[in-house]
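Keep in mind that what you see is a predicted model, and the values were worked out from it rather than measured.
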Amino acid sequence: MNDTEYQRFTDAAAHCEMSNAAFLAYAVDKAARDLTCTAAEIATEREVIDELFAARRHLGRIHGLFNQVAKALNSGADAPHLDAATEAVRGAARRMEDATDALLAHRDGGATA
């Protein structure tokens, strides 16, 4: 634990009017009650960044597929589900942007862009 993390920990304990030991025991007990949630919440920033890069790669592949669809449409082909597919990709891109914004806000100590 670095100095900044220790200060945040002691400030949180003081805010809850608990000793450091009591606050730590409470936090550990709470984390142990739902390990699935705890694992997700304490995923390292590196894991989160790796997932964002993977999502970006997938969106890049989708971009290539949309180029192929455009080429086919320009050749007279039909794409009956293009609107639904386009909206799904837009939604995925928005969620990726939101996740990136949340990660950056978290890194900046909760500051919003």
Discussion item. Check this for me: Asp83, atom CG, are more than 12 non-hydrogen atoms of other residues, nucleotides or ligands nearer than 6.0 Å?
Written reply: no
Discussion item. Could you check whether atom CZ of Phe66 has more than 12 heavy atoms from other residues, nucleotides or ligands sitting under 6.0 Å from it?
Written reply: yes
Worksheet entry | Sub-4.5 Å side-chain heavy-atom contact between Thr10 and Phe23 | no
Worksheet item: Looking only at heavy atoms, which two atoms of Phe9 and Asn20 are closest? And how far apart?
Response: CZ-O, 3.4 Å
Worksheet, complete the sentence: Closest heavy-atom pair, Ala13 versus Ser19, reported as atoms and distance to 0.1 Å, is CB-O, 4.0 Å
Worksheet item: Is Arg94 paired with Glu97 through a side-chain N to carboxylate O contact shorter than 4.0 Å?
Response: no
Practice prompt. Rounded to the nearest 0.5 Å, what's the gap from CG on Leu52 to CZ on Arg57? Could you check?
Written response: 11.0 Å
Practice prompt. Could you tell me the separation between the CD1 atom of Ile49 and the CZ atom of Arg56, rounded to the nearest 0.5 Å?
Written response: 11.5 Å
Worksheet item: Is the backbone N or O of Ala84 less than 3.5 Å from a side-chain atom of Glu87, with the two atoms forming a donor-acceptor pair by type?
Response: no
Discussion item. For the backbone of Ala25 and the side chain of Asp29, can you confirm whether one donor and one acceptor N or O come within less than 3.5 Å of each other?
Written reply: no
Please answer: with hydrophobic residues joined when any side-chain heavy atoms are less than 4.5 Å apart, are [X] and [Y] in the same cluster?
X: Val28; Y: Met18; value: yes
X: Val69; Y: Leu59; value: yes
X: Tyr6; Y: Leu24; value: yes
X: Leu82; Y: Leu65; value: no

Discussion item. Quiz question: by atom type and distance under 3.5 Å, do the side chains of Gln7 and Asp3 form a donor-acceptor pair?
Written reply: no
